[in-house]
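All heavy atoms count here, side chains included; hydrogens, waters and symmetry mates do not.
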Amino acid sequence: MTSKSTGLNDERTVLTVNGLPKRPRVKDVAELAGVSVGTVSNVLNSRSSVRPEVRNSVEAAITELGFVRNTAAQALRTGLSPFVGVAVLDLTNPFFMEAAAGMEERLNNEGCLMALASTNSEADNEAHLLRSFAAQRVRGVLLTPTDSSLTTAHEIVRQGIPVVLFDSPATPPNMSSVSVNDQKGAELAIEHLLSLGHRRILFLNGPSHVRQAQDRHLGVNRAIKLASQNWQHTISPIELTEISLASFTANAARSELQELIVGSKLQVGRPTQLAPTAIFCANDLIAIGAMTALQASGIRIPEDVSLVGFDDISLAQQTSVSLTTVRQPMKELGWAAADLLLNSQNPSAPKNIEHKSFTPEVIVRDSTAEVSDSQ
């Protein structure tokens with residue numbers, strides 16, 4: 001026998017069977033709200049077809065009954081898990097966390113949940129994560145790849161789990177992708193510094209095996225090559241020093257630059273013909289670490305050396321000297337990746353594989369200036 005109190009004004013409606021508490025079902029929510037089971041389902045799945053007053057009634061019934069959606073049962077009925085696996089390179093990097101916010105916003109609109117993990121830029125970690133996601137039969141995977149061959153990604157696609165590549169220009173025939181043109185972003189950064197008269201540039205790059213570092217290296221060298229050809233030796237030659245750091249972190253940049261400055265291996269901020277007048281960093285975390293090292297050594301930004309980052313994370317505007325940087329639309333990137341994944345499972349949507357590329361832009365702030373006479 002089932003008994004319950006009635007009316008949405010009660011403090012709490014408790015369902016019981018033979019005097020024992022019973023877990024509320026969708027049918028119970030529908031009965032209490034005075035709507036159909038289908039309407040409750042539409043509310044749970046955030047569909048826009050439900051009138052506001054009906055949605056309010058259903059949500060009130062859900063609260064009153066203490067209804068909790070049984071996602072495991074839903075997955076069994078529909079064959080679709082509510083979980084989407086997300087594997088990025090580094091959870092401590094604000095770029096990926098801001099992008100994840102965009103993913104989560106889009107996934108929430110479809111009633112999906114995000115399982116977020118880091119590969120730490122290791123191919124073995126990536127393979128393990130992808131196989132773990134596949135074992136859980138996730139609805140799909142959003143992946144920032146470390147393994148350029150995409151071996152394990154192809155493996156789980158063959159198992160019927162769609163993969164969308166995030167922050168990756170790769171265009172495999174069976175996976176959609178979303179990326180920013182990293183080479184173009186690096187070109188724009190160098191062009192900005194050259195336009196200010198800088199000819200001696202230090203480039204603090206990330207680990208050389210990471211795709212983003214490789215692309216930004218290509219962009220830097222392309223910008224310098226094109227500028228040198230266009231000037232035809234009428235302007236002083238460009239001198240570039242590139243250092244590959246162990247990681248894309250502030251600590252790696254601060255330690256490396258402090259060691260170089262203290263050891264006088266790099267005459268940063270000193271009025272000599274060897275000193276770089278500008279530093280381009282492969283991401284904003286590296287730039288923040290470089291800024292810390294420079295200021296600790298009494299080197300002024302931008303009076304002694306100009307500084308440019310890459311990403312435009314929220315901290316870029318809050319540093320002691322606001323950071324000139326290359327902006328990537330992080331949240332939009334995440335949203336677009338999740339949208340491609342969800343559309344791949346929409347029966348009414350075309351099944352074409354899509355590859356979306358965003359163009360970065362330079363955001364000029366206080367950390368860059370024209371070369372002074374003393375430089």
Side-chain angles (χ1 to χ4, degrees), residues 180-206 208 212-245 248 253 256-257 260-261 266-291 293-294 299-313 316-317 319 321-328 358-375:
V180 165
N181 189 331
D182 284 302
Q183 289 192 41
K184 184 62 178 177
E187 280 187 57
L188 292 173
I190 297 301
E191 288 172 1
H192 170 66
L193 291 173
L194 295 178
S195 73
L196 295 173
H198 296 281
R199 300 293 178 264
R200 300 189 302 278
I201 300 172
L202 170 63
F203 176 28
L204 294 179
N205 202 358
S208 58
Q212 288 84 347
Q214 295 168 1
D215 283 356
R216 291 167 198 181
H217 165 86
L218 292 173
V220 166
N221 283 277
R222 174 177 166 78
I224 289 175
K225 180 179 179 181
L226 289 175
S228 299
Q229 290 174 345
N230 291 337
W231 292 337
Q232 296 180 346
H233 308 295
T234 59
I235 300 179
S236 57
I238 303 166
E239 299 174 15
L240 174 71
T241 301
E242 179 173 352
I243 296 174
S244 294
L245 302 174
F248 280 98
E256 180 73 20
L257 203 50
L260 291 172
I261 293 171
L266 194 67
Q267 304 292 311
V268 182
R270 299 176 187 177
T272 75
Q273 294 302 310
L274 300 176
T277 62
I279 302 175
F280 170 49
C281 302
N283 76 356
D284 287 345
L285 291 181
I286 291 175
I288 290 169
M291 184 178 293
L294 293 169
I299 298 170
R300 300 169 301 166
I301 302 168
E303 293 86 354
D304 297 325
V305 63
S306 286
L307 187 65
V308 178
F310 199 113
D311 284 342
D312 196 25
I313 61 176
Q317 298 183 62
T319 49
V321 179
S322 62
L323 184 64
T324 295
T325 186
V326 179
R327 172 178 289 168
Q328 299 197 76
F358 291 74
T359 301
E361 60 177 326
V362 174
I363 305 300
V364 179
R365 298 195 179 100
D366 296 334
S367 66
T368 51
E370 292 185 357
V371 177
S372 65
D373 294 338
S374 63
Q375 292 177 307

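- Considering CZ of Arg222 and CD1 of Ile190, their distance stands at 13.5 Å, rounded to 0.5 Å.
- Side-chain contact between Val180 and Val326: absent, with no pair of heavy atoms (C-beta onward) separated by less than 4.5 Å.
- A side-chain contact (heavy atoms from CB on, under 4.5 Å) with Leu323 holds for exactly one of Leu307, Asp366, Ile301, Thr368; it is Leu307.
- A donor-acceptor contact shorter than 3.5 Å links the side chain of Asn205 to the backbone of Ala213.
- Remark: the Asp182 side chain and the Gln212 side chain contain no N/O donor-acceptor pair separated by less than 3.5 Å.
- Taken from CD in Glu242 to CG in Leu204, the straight-line distance is 9.5 Å, to the nearest 0.5 Å.
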Take Arg216 and Asn283, measure what side chain to side chain contact (heavy atoms under 4.5 Å, CB included) needs, and give me the verdict at the end.
CA-CA 10 Å; Arg216 291 167 198 181; Asn283 76 356; 4.3 Å; yes

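- Heavy-atom minimum distance, Ala369 versus Ser306: N-OG, 3.0 Å.
- Taken to the nearest 0.5 Å, the OG1 atom of Thr325 stands 8.5 Å off from the CD1 atom of Ile363.
- Under the 4.5 Å side-chain criterion, counting only non-hydrogen atoms from C-beta, Ile313 is in contact with Leu285.
- No side-chain donor-acceptor contact under 3.5 Å links Thr324 and His192.
- How far CD1 of Ile224 is from CD of Glu187: 10.5 Å, rounded to the nearest 0.5 Å.
- Between the Asp284 side chain and the Ala287 main chain, no donor and acceptor come within less than 3.5 Å of each other.
- Between Phe310 and Phe280, the ring-plane angle classifies as tilted under the 30° and 60° cut-offs.
- Residues satisfying the side-chain contact (heavy atoms from CB on, under 4.5 Å) criterion with Gln317, sequence neighbours excluded, are Arg365.
- Residue Ser208 holds its OG atom at 10.5 Å from CG of Leu245, rounded to the nearest 0.5 Å.
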What's the verdict on side chain to side chain contact (heavy atoms under 4.5 Å, CB included) for Ile279 and Leu294, showing C-alpha distance, side-chain angles and the deciding distance?
CA-CA 11 Å; Ile279 302 175; Leu294 293 169; 4.0 Å; yes

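- Separation of atoms CD (Glu256) and CD1 (Ile261) is listed at 10.5 Å; rounding is to 0.5 Å.
- Scored by the side-chain contact (heavy atoms from CB on, under 4.5 Å) test, Leu218 finds Gln183, Asp215 as partners (sequence neighbours excluded).
- Looking at Val308, Thr277, Ile238 one by one, the single match for side-chain contact (heavy atoms from CB on, under 4.5 Å) with Leu193 turns out to be Val308.
- Considering every non-hydrogen atom in both Ala227 and Leu194, the closest pair reads CB-CD1, 3.6 Å.
- Here the closest non-hydrogen pair linking Ala282 and Gly206 is CB-N, 3.9 Å.
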Run the side chain to side chain contact (heavy atoms under 4.5 Å, CB included) check on Leu257 and Leu202 step by step: do they pass?
CA-CA 11 Å; Leu257 203 50; Leu202 170 63; 4.1 Å; yes

